[in-house]
Each structure stands twice: as C-alpha cells, then as structure tokens.
Trainee: 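A single structure is presented below for examination.
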There are 2 protein chains.
Amino acid sequence: MQPLYEKVKKKITASLVQGEWSPGEAIPSETELANVYEVSQGTVRKAIDELSAESILIRRQGKGTYVATHNEENIQLRFLRLTSNFGLKEKLDNQLVSFSKEKATNKLSKVLNINPASTIISLKRVLTFNEKPLILDVIKIPAQSFRGLTAEMIVEKKGSMYRMYETDFGVRMLRADEKIRAINANFESASLLNVKENTPLLSVERISYTYENKPLEWRLGLCITDNHYYRSELD
Amino acid sequence: MQPLYEKVKKKITASLVQGEWSPGEAIPSETELANVYEVSQGTVRKAIDELSAESILIRRQGKGTYVATHNEENIQLRFLRLTSNFGLKEKLDNQLVSFSKEKATNKLSKVLNINPASTIISLKRVLTFNEKPLILDVIKIPAQSFRGLTAEMIVEKKGSMYRMYETDFGVRMLRADEKIRAINANFESASLLNVKENTPLLSVERISYTYENKPLEWRLGLCITDNHYYRSELD
DNA sequence: TCTTATATATCTTATATAAGAGTTATTAAT
DNA sequence: ATTAATAACTCTTATATAAGATATATAAGA
C-alpha cells in the first residue's frame, strides 16, 4: 500500500505538470490543499516537504509555498556549478555560434527517449566572462517540445536556456545528471574558445529532466578551468 | 528561540562526537531517546530525519537507526564519484608511492585550520583498476589527529582511507567539498599514471570534514577519464 | 517444520499550538 | 484633518505531541 502523503505528492505534481500553477506563483495553502485532498494539513505538509527538498517547490514561512523557477534573480543559472577561483558570482555573456535542425542520431534518440530520426534542434554557443570565452555549449533538444524556437530568441534572451524553456515553452527542468571528464581541445573547440589546441578542458555532459524524469535536453559543455572550477559537495 | 528538535539534534550529535555510539551500531530507539530527552517521539524523529538526510545516521524500518559508516560493503568508497563508462562497480587496488611527515605550508595550515608549520602526514598513492593506473592521490592530514599512522597500515588496509580513519583513529568523515578542474599531466603524474605527458587529467581537490564542519583532510586526486567519468547530480 | 503470537522498531497520520508576515483598524500626536 | 505609530486580526508555514499502522525478528506452539 502506498502511503497517503505519496498520493498527495503525486496529485500536487500532476497539478504542476498540468500547469495549474505557474512557476514563481504561490500554490494554495497547506490547509486549502488538505481540504481539497481530504487529508490533514500535516500530510500535505509531508508531501510538500519532499517536493521542497527536491527544489520543485519553495516554502516561505508566513507567506506561502511557491513553484520553483529558473527565473528568479538569486537562483539564476541554477544548474551552473562553475565558480571563479576568486569566489565571485559573475555575469556571463552569451554568443550563438550555430543553430540548426537535424535528424536525431540513434544514440541521441535513445538518450532523449524519442522516435529514431525525429527532428531535433541543435545549437552551439559560447559563454564569455569579461569578454573572454569560458564555456562552449552544444545543446540538443527535441524539436517537438520546442516548436517555434528560433536563433533570434536565443540571442535575444541573454539569460539561461532554462529560463527561456520555462517562459516560452512551459518546460520546467527539475534535475540533471552530469558526466564529467577531462579532454583536450580539438581544432573547433580551441578556435571557438580562443585557446591553443590540446588545452585541457573540462567536459560536462548533461542530460536534463522535466517532470516524471522525462529527459528533454542533452548538452555538452566544454569549460576552460584556468580561473574557474566546478564545485561539488559530497555527503 | 531555538526549536526543540534542533536541540535534540545537537544532543544526538554530541553523543556521536563523544563516541557514545560507534559507527555501524544502532542508536537507542526513538522512544528511548524521547524519554531521555523528555520530548515526544515525533520530535526525536524530526531530529533523526535531518541527521539521516545528512547521511550521518541511517534508518532501517522495523530494525532501528544506525550510525553511518565508511565500513559497509555497499557504501564503501562513499565519496568516490568515479564510474566506469560501462557502469560497472569495480574494485580498485591501492599502491603507496610515498609517505612522509612534513611541516604544513601556510596555505595548508589555513585550509585545515591548524597551527602554522605544525606537522602533517603527506602521502601519495596510485589507485589501479585492472592493473592499470586510474587515480593518483596526494593526501595531507594533520599528524596530531592521526598519531601512530604508518605507511604499513595504509598498505595493509587496501580499502578506503576513510575506513581506516574510522576504525583506527575514531575519525568519521561526514562530508566533503570538491573543486574540479581539467589539467595536463606533468612529468611526475604522467610517469606514475603511466600516460604520456600532457594527457588531460581530471583534477579533484577535496577537503573533507568531520563533525561540526572541522576540516581534517586535504586531498588532490588526478584521474584518467578515458574510460571513466565523474558523475554529478543536480537539482 | 510450519504457523502463530509477541515484542519492538520505525513509519504514517492526525490534531493542536506556535511563530512569521502582511493587512487593516485604531489611536495619539501634530 | 492628517499623519504616524501601534495594536488587532488573519493569513501563512513551523513545531510538538500522540496514536495507530507497518515492518522485522524471535519465541512459542501445533
């Protein structure tokens, strides 16, 4: 038998998937939800506790519980773990290198769990800090979920892709898995990042997931780690 | 005013620091602790909830709550995030390269929060997988906290250092911070890892903490990421 | 040997009260 | 009459306790 609070959690998640409550907005109060779902406030609380621990919801005492977003000032670039050696929170600029539609490779269609050879949007961009290139991103997303996306939109919104996904396509990325390696810059990445060939780069391969663990973005980031590092916390 | 469950949490932590309950052992039941601390079982529960979320305690329904350890089969190499490309959980071998006592540098004494120029133990080792070198570790720990540690002990215990810290010195590492970069192998690391000079390596600089966020180990790991990757989960 | 009982642990839910945050109404001073 | 301070009210989440459910292990009984 499934615990009651798990059921409540699923119902709340379902409402979030439906878009019943939008990112940044407050969801109904614990007591209201308790009435709707016909359980006690504490049971709703336990469900929200978990969603909050997963950063899907955000609690604010005395105010309410809010739908997490990639839009807020303080949690912008939520998935970016790169930090400057000097500990600064710095602003990055965005430079689109290429943008195209293509057929998914076999591997990619498996990763994104889409039909083989269905259309995907593929783009490259360079993130710069202080005019200097820092990250080369290759991003691949299923065209079906991002109809109407143009190169102009990416250039225009200088912020994170995730912010755009959310605002313009109703796609909320909740979590991501990354595989990190050290590689040498090849000709292309070296020229785009303005470093010598064979410079060591941090290769960060990321798959991002929306609700119900549905993968919706594959991304490869190549980072120069001379003045920056990727931070990781273990426990 | 501090919440009651926070006080309880601190009392439990204090008992753990004192070594009242050893790693792997069960702590008293929630009801027992509730009696001792003169609070309700639910309050103890909330305290344990948090300690359990921090991987300091481990719950087992119907059995009890246990002190987390680096000793158990399944959570061995708890802090090792390196995975083979083929997803195998593999066994690593351990090869000591050097072992010495030296004076702490200024930087290191700050990192470990010890008196400048106090004695530290410094060691290098190579972790191999399938006879092939995979990681070169440089480890520095304050001698004071690890009196009696010899090279032989490290060679003998083939397992993780953390296991030895725990068993032989009563030092339990709870969490760690890592800074990850891509570098090129220099002469020394290249020869120890049996790769060409300038091979790209993943540089993982780690500081490990015991109770109350006390740093007790600095470590630099250089990893070959041809057939392995460092995994990271974001949310 | 298999089943049932029992003891004891955590887990789940429910209820009640506290505390934080904002709004509105009241009061006092100017 | 206007303004500013403050008190009261109402919403929220946070905390505390208690009781019943469920899981696990062991011992007793058929």
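Proteins come first, then strands; the chains are lettered A, B, ... in the order of their sequence lines, and each starts at number 1.
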Trainee: From CG of A:L57 over to C1' of D:dT12, roughly how many Å is that when rounded to an integer?
Mentor: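 After rounding, the reported distance stands at 15 Å.
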Trainee: Please enumerate all residues that pass side chain to side chain contact (heavy atoms under 4.5 Å, CB included) together with A:N35, with sequence neighbours excluded.
Mentor: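 Partners of A:N35 under the side chain to side chain contact (heavy atoms under 4.5 Å, CB included) test: none.
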Trainee: With a 4.0 Å cut-off on heavy atoms, is A:E32 in touch with a base, just the backbone sugar-phosphate, or nothing at all?
Mentor: sugar-phosphate
Trainee: Give me the ring orientation class for A:F79 and A:Y162: parallel if the planes are under 30° apart, tilted from 30 to 60°, perpendicular past 60°.
Mentor: perpendicular
Trainee: Would you please say whether a donor-acceptor pair under 3.5 Å links the side chains of A:T65 and A:E30?
Mentor: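 No donor-acceptor contact under 3.5 Å links the two side chains.
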Trainee: From NZ of A:K46 over to C1' of C:dT12, roughly how many Å is that when rounded to an integer?
Mentor: 7 Å
Trainee: For the pair made of CD in B:E30 and P in D:dA16, what is the distance, rounded to whole Å?
Mentor: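 After rounding, the reported distance stands at 15 Å.
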Trainee: Using a 3.5 Å distance criterion without hydrogens, assess whether the side chain of B:S109 forms a donor-acceptor pair with backbone atoms of B:N115.
Mentor: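 Absent.
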Trainee: Could you run through DNA chain D and flag its stems, i.e. three or more consecutive Watson-Crick or G-U pairs with both distances under 3.5 Å?
Mentor: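 Consecutive-pair runs (3 or more) involving DNA chain D: C:1-30 with D:1-30.
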Trainee: Say you draw a straight line from CD of B:Q41 to OG of B:S29; how long is it, rounded to the nearest 0.5 Å?
Mentor: 8.5 Å
Trainee: I need the CZ-C1' distance between B:R59 and C:dT12, as an integer number of Å.
Mentor: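 Spelled out: CZ on B:R59 to C1' on C:dT12 is 12 Å.
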Trainee: Please list, in numerical order, the residues of residues 35-42 of chain B that have a heavy atom closer than 4.0 Å to any atom of DNA chain C.
Mentor: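 Residues of residues 35-42 of chain B that come under 4.0 Å of DNA chain C are, in numerical order, B:Q41.
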Trainee: Taking atom types as modelled, find out whether A:T210 and A:Y165 have a side-chain donor-acceptor pair closer than 3.5 angstrom.
Mentor: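 Result is no, nothing qualifies.
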Trainee: Does the side chain of B:T65 get closer than 4.0 angstrom to OP1 or OP2 of C:dT10 through an N or O atom?
Mentor: yes
Trainee: Whole-Å distance between C:dT17 P and B:Y5 OH?
Mentor: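 Rounding to the nearest Å, OH of B:Y5 and P of C:dT17 are 21 Å apart.
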Trainee: Send over the distance from B:K9 NZ to D:dT15 P, rounded to a whole Å.
Mentor: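 After rounding, the reported distance stands at 11 Å.
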Trainee: Could you verify whether a donor N or O on one side chain and an acceptor N or O on the other, from A:R59 and A:S52, lie under 3.5 Å apart?
Mentor: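 Side chains of A:R59 and A:S52: no pair found under 3.5 Å.
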Trainee: Among D:dA16, C:dT12, D:dA23, which is the nearest nucleotide to the side chain of B:Q61?
Mentor: D:dA23
Trainee: Nearest whole Å is fine: how far is D:dT24 C1' from B:Y66 OH?
Mentor: 10 Å
Trainee: Can you tell me how far C1' of C:dT10 sits from NZ of B:K63, to the nearest Å?
Mentor: 13 Å
Trainee: Do other residues, nucleotides or ligands put more than 12 heavy atoms under 6.0 Å from A:Q144 CD?
Mentor: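 Counting neighbours around CD of A:Q144, 12 or fewer heavy atoms of other residues, nucleotides or ligands fall under 6.0 Å, so no.
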Trainee: Is a salt bridge present between A:K214 and A:E212, judged by a nitrogen-to-oxygen distance below 4.0 Å?
Mentor: no
Trainee: Would you mind telling me which of C:dT12, D:dT13, C:dT10 lies closest to the side-chain atoms of A:P3?
Mentor: C:dT12
Trainee: Taking only side-chain nitrogens and oxygens of A:S29, does any of them come within less than 4.0 Å of OP1 or OP2 of D:dC11?
Mentor: no
